[in-house]
Amino acid sequence: LIGNKLGTLRFCGTTEFATGMWAGIELDTKEGKNDGTVHGIRYFRCEKDYGIFVPANKVVKAGKGYKNITLHQQQQRKQNKINTVNFGKVDVSHVRGRIQSAIAEIADGANIRIGDRVVVKEVLPGRSEQGVVRFIGSVDFVADDEEWYGVELDTPMGRHDGTVQGIRYFAAGKDRGVFVTARKL
């Protein structure tokens, strides 16, 4: 349930088109904006103009008054050769808990992996910058055992290209590389 629109949750997670947790919904009516594909990346499949993405925290479970799609709508979809699998009633009471725990996990910076998009705090005084994690581990240029994150920044506000003191940790464009600890992500 999104506002007054009803549908089925088909995707929940991070996307390439925006930061944060997003829910991909297959709407019961043709009021969507896509078929589960955004900017050429398929997140789920549905009919054209039945798919919509909304921030995950805007989705709520429909109450007992929710009505499944009508027989007429099912027949129309069969004519359009879209296969719909109906598993009957499914307990989705756990869905919100998982979404909230995923949001909390991301907010805590836990489980950051190579390839994740991140925001690096204070790249320059008072300025944060977005980028992609390209390296995670220990580095030779600092005498500590802390875990370091090599980030390729979206703009050339970094200090290197992923090479520090002659050691290549990751590849990035000129002045797009920066190393930070988890506190800066």
Would you say that [X] contacts [Y] through its side chain, given a criterion of any heavy-atom pair below 4.5 Å between the two side chains?
{"X": "Leu185", "Y": "Val119", "value": "no"}
{"X": "Cys12", "Y": "Met21", "value": "yes"}
{"X": "Trp148", "Y": "Thr181", "value": "yes"}
{"X": "Ile25", "Y": "Thr8", "value": "no"}
{"X": "Asn34", "Y": "Ile52", "value": "no"}

How long is the gap from [atom1] on [X] to [atom2] on [Y], to the nearest 0.5 Å?
{"X": "His39", "Y": "Thr37", "atom1": "NE2", "atom2": "OG1", "answer": "11.5 Å"}
{"X": "His160", "Y": "Lys174", "atom1": "NE2", "atom2": "NZ", "answer": "13.0 Å"}
{"X": "Glu152", "Y": "Phe135", "atom1": "CD", "atom2": "CZ", "answer": "15.0 Å"}
{"X": "Ile41", "Y": "Glu16", "atom1": "CD1", "atom2": "CD", "answer": "5.0 Å"}
{"X": "Asp35", "Y": "Tyr50", "atom1": "CG", "atom2": "OH", "answer": "13.0 Å"}

Taking only residues two or more places apart in sequence, or in another chain, which ones meet Asp154 in a side chain to side chain contact (heavy atoms under 4.5 Å, CB included)?
Arg117, Glu129, Gln130
Given the rule that I, L, V, M, F, W and Y join up when any side-chain heavy atoms are under 4.5 Å apart, are [X] and [Y] in one cluster?
{"X": "Leu153", "Y": "Ile114", "value": "yes"}
{"X": "Val132", "Y": "Val151", "value": "no"}
{"X": "Val120", "Y": "Val133", "value": "yes"}
{"X": "Val118", "Y": "Met157", "value": "yes"}
{"X": "Val139", "Y": "Ile136", "value": "no"}

Provide the closest heavy-atom pair for [X] versus [Y] in the form atom of the first, atom of the second, distance.
{"X": "Lys5", "Y": "Glu31", "result": "NZ-O, 3.7 Å"}
{"X": "Arg183", "Y": "Lys121", "result": "O-NZ, 3.6 Å"}
{"X": "Trp22", "Y": "Thr15", "result": "CD1-OG1, 3.7 Å"}
{"X": "Ala23", "Y": "Leu9", "result": "CB-CD1, 3.8 Å"}
{"X": "Arg113", "Y": "Asp116", "result": "N-OD2, 2.9 Å"}
{"X": "Tyr169", "Y": "Asp140", "result": "OH-N, 2.9 Å"}

Looking at the rings of Phe170 and Phe179, which for Trp means the six-membered one, are their centres under 6.0 Å apart?
yes
Aromatic contact, Phe53 with Phe44 (centres under 6.0 Å)
yes
Does Gly162 offer a backbone N or O that forms a donor-acceptor pair with the side chain of Arg176 under 3.5 Å?
no
With a 6.0 Å cut-off (strictly less than), is the heavy-atom count around CZ of Arg42, excluding the residue itself, greater than 12?
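More than 12 within 6.0 Å, yes.
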Can you tell me if Glu122 has over 12 outside heavy atoms packed within less than 6.0 Å of its CD?
yes
Between Asp161 and Arg168, does any side-chain N to carboxylate O distance fall below 4.0 Å?
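Looking at Arg168 together with Asp161, the answer is yes, because their closest N to O distance falls below 4.0 Å.
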